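Shown next, in structure tokens, is the structure this report addresses.
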Amino acid sequence: NLAAVNPNTDQRIQWPLSKGTPDIPFYVHEVPTIFISLQCPFHLADVPQVKTYINAYDNNMISKNEAEHLLLFNHFPNPLFVLETVGTFYLNNNRYGTIILISLILGSFIIGILFRNKNHSTLVNYISKNNNCQSFGNVLSEAIKKSINSLLMISGTVTLFLVLSTLIIYVFNLNNFIAVLIQGILEMTMASSFISSLNVNDIVKVVSATSFIAFGGLSVHLQVISILDDKISYKNYFIGRIIHALISGLMSFVIMLLI
């Protein structure tokens with residue numbers, strides 16, 4: 001049983017000779033190989049030459065400060081959503097989707113560079129969970145439960161903010177420009193769709209879409225808050241989204257001027 005933590009001989013991986021040497025599969029030198037250890041913390045001893053080893057068993061890997069630092073630049077939209085939905089479907093130009101995606105990537109890199117010295121590593125672990133090995137069935141069922149809960153949370157918040165933005169726009173009879181701004185703050189998908197109907201030049205449309213996607217909308221922010229631990233501050237995520245929206249919007253403006 002590989003789930004046991006005692007490094008006895010009969011509980012370790014035994015590579016057959018057909019795989020290479022007794023301690024390493026031959027193909028790690030021929031193809032890119034990633035070894036992920038899920039159930040036991042001692043697997044590295046059985047794959048000493050593998051290039052990339054991930055010990056997913058050990059949960060004591062990140063401190064509170066490191067977690068909050070990562071919130072500054074860990075937000076990134078689905079590239080297919082940006083390229084196809086926003087670029088091709090909403091803005092009717094797949095080149096614009098590419099420009100938006102490049103701007104978002106550059107914005108994330110710049111934020112990472114600007115705040116690279118803000119992360120002070122500490123030996124005090126933030127995440128501390130029971131390290132007893134679990135069976136594959138328990139891990140799988142727990143993963144399914146968490147996935148379902150996350151999907152319900154995402155669907156619920158998106159629906160809530162779509163309805164809320166629609167009510168605000170029609171109840172207060174807002175003009176198109178203010179309506180786009182309200183939708184961009186609340187839910188980026190509707191805002192990206194609404195931008196295409198504005199009577200403005202393409203540069204404004206691309207810059208606006210880039211900024212709204214980088215910010216994410218309060219719908220995404222609420223989803224993040226629901227996932228974060230109570231001890232992790234949401235403030236860095238909010239600050240990061242504001243900075244990302246400004247930098248990515250500027251990047252898209254510069255690119256649009258250059259093409």
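This is a predicted model, so every value here is computed, not measured.
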Exercise for the section: Start with the C-alpha gap between Phe161 and Leu222, add the side-chain angles, then the distance that decides, and say whether side-chain contact (heavy atoms from CB on, under 4.5 Å) holds. Expected result: CA-CA 10 Å; Phe161 281 94; Leu222 182 59; 3.8 Å; yes
Donor-acceptor contact present, side-chain [X] to main-chain [Y], <3.5 Å:
X: Glu68; Y: Ser233; answer: yes
X: Arg241; Y: Leu72; answer: yes
X: Ser211; Y: Ser208; answer: no
X: Ser248; Y: Ala245; answer: no
X: Ser197; Y: Phe194; answer: yes
X: Ser196; Y: Ser193; answer: yes

Verify the cluster assignment for [X] and [Y]: are they in a single hydrophobic cluster under the rule of side-chain heavy atoms below 4.5 Å apart?
X: Val158; Y: Val220; result: no
X: Leu104; Y: Ile259; result: yes
X: Leu80; Y: Leu91; result: no
X: Val163; Y: Ile168; result: no
X: Leu162; Y: Val171; result: no

Practice task
Hey, can you tell me if His69 and Phe73 have their rings parallel, tilted or perpendicular (30° and 60° cut-offs)?
Solution key: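 Rings of His69 and Phe73: perpendicular, as their planes differ by over 60°.
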Could you tell me the separation between the [atom1] atom of [X] and the [atom2] atom of [Y], rounded to the nearest 0.5 Å?
X: Ile154; Y: Gln223; atom1: CD1; atom2: CD; result: 5.0 Å
X: Glu187; Y: Thr166; atom1: CD; atom2: OG1; result: 10.0 Å
X: Asn78; Y: Thr85; atom1: CG; atom2: OG1; result: 8.0 Å
X: Phe212; Y: Ile185; atom1: CZ; atom2: CD1; result: 7.0 Å
X: Leu186; Y: Ile169; atom1: CG; atom2: CD1; result: 8.5 Å
X: Leu164; Y: Thr159; atom1: CG; atom2: OG1; result: 12.0 Å

Search all heavy atoms of [X] against all heavy atoms of [Y] and return the closest pair with its distance.
X: Ile213; Y: Pro77; answer: CG2-CG, 3.5 Å
X: Ser108; Y: His75; answer: OG-O, 4.2 Å
X: Ala209; Y: Ile100; answer: CB-CD1, 4.0 Å

Exercise for the section: Evaluate the side-chain contact (heavy atoms from CB on, under 4.5 Å) criterion for residues Ile247 and Leu114: first the C-alpha distance (whole Å), next the side-chain angles of each, then the deciding distance (0.1 Å), finally the verdict. Expected result: CA-CA 11 Å; Ile247 295 177; Leu114 291 176; 4.2 Å; yes
Handout entry: Residue list, ring-ring contact (aromatic ring centres under 6.0 Å, His included) with Phe215, at least two apart or on another chain
Key =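 Counting only residues at least two positions away or on another chain, Phe215 forms a ring-ring contact (aromatic ring centres under 6.0 Å, His included) with His221.
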Residues, nucleotides or ligands: over 12 heavy atoms within 6.0 Å of [X] [atom1]:
X: Phe76; atom1: CZ; value: yes
X: Tyr234; atom1: OH; value: yes
X: Phe89; atom1: CZ; value: no

Practice task
Please step through side-chain contact (heavy atoms from CB on, under 4.5 Å) for the pair Ile113 and Ile110, ending with a clear verdict.
Solution key: CA-CA 5 Å; Ile113 294 172; Ile110 292 173; 5.6 Å; no
Side-chain heavy atoms of [X] within contact of [Y], under 4.5 Å:
X: Phe81; Y: Met188; value: yes
X: Phe109; Y: Ile105; value: yes
X: Phe253; Y: Thr210; value: no
X: Leu83; Y: Asn94; value: no

Problem - Donor-acceptor side-chain pairing of Gln183 and Ser165 below 3.5 angstrom - result: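 Ser165 and Gln183 do not have a side-chain donor-acceptor pair below 3.5 Å.
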Practice task
Run through Asn149, Thr157, Leu151 and flag the one making a side chain to side chain contact (heavy atoms under 4.5 Å, CB included) with Met153.
Solution key: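 In the set Asn149, Thr157, Leu151, the residue that makes a side chain to side chain contact (heavy atoms under 4.5 Å, CB included) with Met153 is Thr157.
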Exercise for the section: Please test Ile232 against Leu71 for side-chain contact (heavy atoms from CB on, under 4.5 Å), starting from the C-alpha separation and ending with a verdict. Expected result: CA-CA 10 Å; Ile232 299 179; Leu71 289 176; 3.8 Å; yes
